[in-house]
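To start, the structure itself, in structure tokens.
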Amino acid sequence: MLMFSAALTADGTVWTWGSNTDCQLGRPLQHDSASDHSCPRAVAGPEAPLAGAAEADVLPAHLGGYQQGMTAIACGARHTGAVGSMGQLFCWGWSLHGQCGQGRAVVTVPSPHLVSALGGLKVTGVAAGLGHTVACTDSGDVYSWGWNADGQLGLGDDQSRGEPELVSHAQLEDVHIDQVSCGARHTLVKGQQGGAYSWGWNKYGQLGLGDMRNRLVPCCILLDGSVECVTCGWWHSMLTLSKARGYQ
């Protein structure tokens, strides 16, 4: 269940409001008050406040690209991700399963932090679930991290990860992924060629594979058409098809 919201404005600023129990708004609890929660505030991008001396513990100095314009955002249950215009990924909020990608599990990441483990990769899209995060890059690769009890990371096991790991599987060979989406404990991605792939928790058939068995690795969803968009609800999934046929 989501109890907070985020918006991305045309100038690339991220605004957040709602519940901030785990700093998912990008506002450290000690610098916040309950009365502020209903008011959108800028937390990343050109309109976000600069880190002053009094806020050194709030906005870390190593975030040199913190005020670049953001191009995409995603809300998990209690964590948030944002892609910068230079292709960097920032995460904040609840990270007990490592879903903020800081290399280890911590209770909270109180403000936007760079996911430095992605190195020089250029991120183009991000999605967030109950306790996991997925990102795609300009090269068409998919990376996942965080909670993995139901195989929602697509890495072939049920071990959680504290930092991004490449989702590498035969089903995705020569497939350029350009969209990612996360449910509570499952993941869907779309290939540039028009195919859709799913993995993770499948109690309600949300993987679209004709059964209710969990999957630990990516599986192609068999459809009579080319996929244009994929999106996950908490326990269900949706996609749109074009009239064209013959996807991979």
CD of Q152 to CH2 of W147, rounded to nearest 0.5 Å, is 6.0 Å
Establish, from distance only, whether the side-chain atoms of T187 and H132 form a donor-acceptor pair under 3.5 Å.
-> yes
Check: Y197 and C219 side chains under 4.5 Å, non-hydrogen atoms:
no
Between the CD atom in Q99 and the CH2 atom in W94, the distance rounded to the nearest 0.5 Å is 5.5 Å
d(Q192 CD, I177 CD1) to nearest 0.5 Å is 9.5 Å
Hydrophobic cluster identity match, V126 and V134, side-chain contacts under 4.5 Å: no
#### Entry: Donor-acceptor pair between H186 and S237 side chains, under 3.5 angstrom
yes
*So, do R27 and T16 sit near enough that their side-chain heavy atoms are less than 4.5 Å apart?*
yes
**Prompt:** With no hydrogens and no angle check, is any side-chain donor or acceptor of D22 less than 3.5 Å from a backbone partner on R78?
**Reply:** no
**Request:** Check the pair F4 / T21 against side-chain contact (heavy atoms from CB on, under 4.5 Å), numbers first and verdict last.
**Result:** CA-CA 10 Å; F4 74 106; T21 55; over 6 Å; no
- request: Report the C-alpha separation of T13 and M70 in whole Å, then their side-chain angles, then the decisive distance to 0.1 Å, and conclude whether the side-chain contact (heavy atoms from CB on, under 4.5 Å) test is met.
  value: CA-CA 6 Å; T13 299; M70 300 294 151; over 6 Å; no
Q. Is the closest side-chain heavy-atom distance between V217 and Q171 below 4.5 Å?
A. no
*asked:* Between D138 and K122, does any side-chain N to carboxylate O distance fall below 4.0 Å?
replied: no
d(T71 OG1, Q88 CD) to nearest 0.5 Å is 11.0 Å
Do the ring planes of W201 and W235 sit parallel (below 30°), tilted (30 to 60°) or perpendicular (above 60°)?
perpendicular
One should read off an interatomic distance between S168 OG and D141 CG, to the nearest 0.5 angstrom, of 8.5 Å
In short, salt bridge (Lys or Arg N to Asp or Glu O under 4.0 Å) pairs touching residues 184-195 with sequence neighbours left out are D150-R185, D178-K190
*asked:* Can you confirm whether the side chains of T133 and H79 place a donor and an acceptor under 3.5 Å from each other?
replied: yes
- State, yes or no, whether a side-chain contact exists between V83 and T124 at a heavy-atom distance under 4.5 Å. no
### Heavy-atom side-chain contact between Q24 and S19 under 4.5 Å
yes
Rounded to the nearest 0.5 Å, the OG atom of S242 sits from the CD atom of E228 at a distance of 4.5 Å
